[in-house]
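Encoded as structure tokens, the structure appears first; notes follow it.
All values reported here derive from a predicted model rather than from experimental measurement. Just so you know, these numbers use all the heavy atoms, side chains as well, and skip hydrogens, waters and symmetry mates.
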Amino acid sequence: MKAAVLVAPGRFEIEERPLPEPKENEVLVKLEACGICTLEQRLFTGAMRLPLPLVPGHEAAGRIAAMGSKVIEELSPGQKVALDLVERCGECYYCRIGKSNLCLNRYKNPARMLGGFSEYIVVRPNQIFPVPDSVSYEEASFAEPLACCIHSLKRLKVAMTEDLLIIGAGTMGLLHVLAARSMGLRITVSEPDAVRRDTAKALGADFVIDPAKTDIVEFGREITDGIGFSSCVIASPSPAALEPAIRAMAKAARINIYTAYEDVMQISLDLNTIHRNELLITGTEGRVQEDFFQAVRLLSFGKIDVKPLISARTSFSTIEEGFRTALSGKAYRVVLMHSLP
């Protein structure tokens, strides 16, 4: 089988490897699509470091090729599936208290955590989430990032008809728009790029604003009868994003710092504002299995359409070009299609 192996930052080698064989309690999956996520982009640029060589890829979908004799799940060869490839140990403190997204052992064996850039992969049954044939492989590969956005909105404890402010309309900001729309929220997106503002509007944002031209605080007060936004997702790594968002919040509002920063990020905060208004500032990292399950169901029910977020498709032979497209700032998700020449 083919595998795209990251041997050094900026350099892949396509290797022929033996076809893995599933053990009696494992499942062999023929991979068909895998998104090039921010994690893979950071590995490619060297901003994130894991032991190399490594087969990256964790936003994956494919079909079942073979199963071990002791698999008890109702699965069958040929079945289309989305895969949860970010392994959790199930044994550490955080896994045992229901916060497996914070698993202490996630990165201890990267070879078991990723692997979506290969033609075949062996997984445990609980990593498999069947999807109907009406969902394409590309769409199914969005289950993982969509699950992260569901986890983010749950952390904010959003309620139907609340006003949600989303800062940033990249891929993850737009997935937040899609998830929030399915939850009955009124959505405002703040984004300086005109094309991304148009995409946010097309995907269901109720309001889109250019923060360079529109004061977020005044706008929020205007549309909420002076109250302010109920909750906010920071999906932009811009240092200037958080401070105006805090001032635009209603009392008892919640803010989730969803984005990750490559460097230490320090900003000045008026702690009295947080104190007197009972603001909650939190963060989220990844997702738990329930979030993944719900993401797959939203895609399967046709409640969320991610097709507009597929900017390009790449292959094993063009994977470095695909990464350059993903890193260009002009694309949403670039998807590795394993069957493309």
Are the side chain of [X] and the backbone N or O of [Y] linked by a donor-acceptor pair below 3.5 Å?
X    : Y    : value
R96  : E91  : yes
R88  : V86  : yes
E119 : K2   : yes
Q127 : D84  : yes
S136 : E139 : yes
R63  : K80  : no
S118 : G115 : yes
N256 : V233 : no
H338 : G116 : yes
E162 : S231 : no

**Asked** Can you name the one residue among E26, E73, E24, E87 that meets salt bridge (Lys or Arg N to Asp or Glu O under 4.0 Å) with R124?
**Response**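 That would be E87.
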
**Request:** Go through the steps for L50 and L43 under the test side chain to side chain contact (heavy atoms under 4.5 Å, CB included), then give the verdict.
**Result:** CA-CA 7 Å; L50 290 175; L43 288 172; 4.0 Å; yes

[X] atom [atom1], over 12 foreign heavy atoms within 6.0 Å:
X    : atom1 : result
I72  : CD1   : no
E16  : CD    : yes
F219 : CZ    : yes
E21  : CD    : no
Y93  : OH    : no

**Message:** Could you walk me through whether E138 and R313 satisfy the salt bridge (Lys or Arg N to Asp or Glu O under 4.0 Å) test, starting with their C-alpha distance in whole Å, then the side-chain angles of each, then the deciding distance to 0.1 Å, before giving a yes or no?
**Reply:** CA-CA 9 Å; E138 298 102 308; R313 297 167 176 83; 2.8 Å; yes

Could you pull out the closest heavy-atom pair between [X] and [Y], with the gap in Å?
X    : Y    : answer
L156 : C232 : CD1-O, 3.6 Å
L54  : L52  : CB-CD2, 3.8 Å
H151 : G286 : CD2-O, 3.4 Å
A252 : L279 : N-CD2, 4.3 Å
A180 : L153 : N-CD1, 3.7 Å
P20  : V122 : CB-CG2, 3.7 Å

With clusters defined by side-chain heavy atoms of hydrophobic residues (ILVMFWY) lying less than 4.5 Å apart, directly or transitively, does [Y] cluster with [X]?
X    : Y    : answer
L174 : L146 : yes
I227 : L280 : no
L6   : I36  : yes
M183 : L164 : yes
V131 : I304 : no

**Asked** Just checking, K30 and Y120: is the charged tip under 6.0 Å from the six-membered ring centre and within 45° of the axis?
**Response**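 Yes, K30 lies over the aromatic ring of Y120.
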
**Message:** Could you go through S315 and S317, starting from their C-alpha distance and side-chain angles, then the distance that decides it, and tell me whether this counts as side chain to side chain donor-acceptor pair (under 3.5 Å)?
**Reply:** CA-CA 5 Å; S315 65; S317 62; 3.0 Å; yes

**Residues E59, F142; criterion side chain to side chain contact (heavy atoms under 4.5 Å, CB included); working and verdict** = CA-CA 6 Å; E59 298 180 355; F142 277 81; 6.0 Å; no

Distance from [X] atom [atom1] to [Y] atom [atom2], nearest 0.5 Å?
X    : Y    : atom1 : atom2 : result
S190 : I216 : OG    : CD1   : 3.5 Å
M172 : Y258 : CE    : OH    : 3.0 Å
S230 : I255 : OG    : CD1   : 11.5 Å
H176 : L165 : NE2   : CG    : 12.0 Å
I246 : L242 : CD1   : CG    : 4.0 Å
E191 : I167 : CD    : CD1   : 9.5 Å

Side-chain heavy-atom pair [X], [Y] within 4.5 angstrom cut-off:
X    : Y    : answer
R287 : E144 : yes
L83  : V29  : yes
V208 : T188 : no
L75  : P130 : yes
I223 : D163 : yes

**Prompt:** Is there any side-chain hydrogen bond (donor to acceptor under 3.5 Å, both in side chains) pair reaching into residues 196-213, and which pairs are they, with sequence neighbours excluded?
**Reply:**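 The answer is T199-Y332.
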
**Prompt:** Only one of L175, L309, D305 forms a side chain to side chain contact (heavy atoms under 4.5 Å, CB included) with L203, so which one is it?
**Reply:**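 Filter result, single survivor: L309.
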
**Prompt:** Salt bridge check: are R42 and E40 linked by an N-O gap of less than 4.0 Å?
**Reply:**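 Here R42 does not pair with E40 in a salt bridge, since their nearest N and O are not under 4.0 Å apart.
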
**Prompt:** Could E290 and K154 be called an ion pair, given the rule that one side-chain N must be under 4.0 Å from one carboxylate O?
**Reply:**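 So E290 pairs with K154 through a salt bridge.
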
**Message:** Please determine whether side chain to side chain contact (heavy atoms under 4.5 Å, CB included) holds for the pair Q289 and N126, giving the CA-CA distance in whole Å, both sets of side-chain angles, and the decisive distance to 0.1 Å.
**Reply:** CA-CA 9 Å; Q289 194 168 52; N126 68 346; 3.9 Å; yes

**Message:** Under the salt bridge (Lys or Arg N to Asp or Glu O under 4.0 Å) definition, can you give me all pairs with a residue in residues 222-246, not counting sequence neighbours?
**Reply:**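 Every pair satisfying salt bridge (Lys or Arg N to Asp or Glu O under 4.0 Å) with a residue in residues 222-246: E243-R247.
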
**Request:** Using the salt bridge (Lys or Arg N to Asp or Glu O under 4.0 Å) rule, take R155 and E285 through it: C-alpha gap first, then chi angles, then the decisive distance, then the call.
**Result:** CA-CA 10 Å; R155 181 72 171 170; E285 166 70 14; over 6 Å; no

**Message:** Using side chain to side chain contact (heavy atoms under 4.5 Å, CB included), reason through F207 and V189 one step at a time and then give a plain yes or no.
**Reply:** CA-CA 6 Å; F207 308 103; V189 174; over 6 Å; no

**Prompt:** Ring centres of F316 and F117 under 6.0 Å apart?
**Reply:**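 When the ring centroids of F316 and F117 are compared, they turn out to be at least 6.0 Å apart.
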
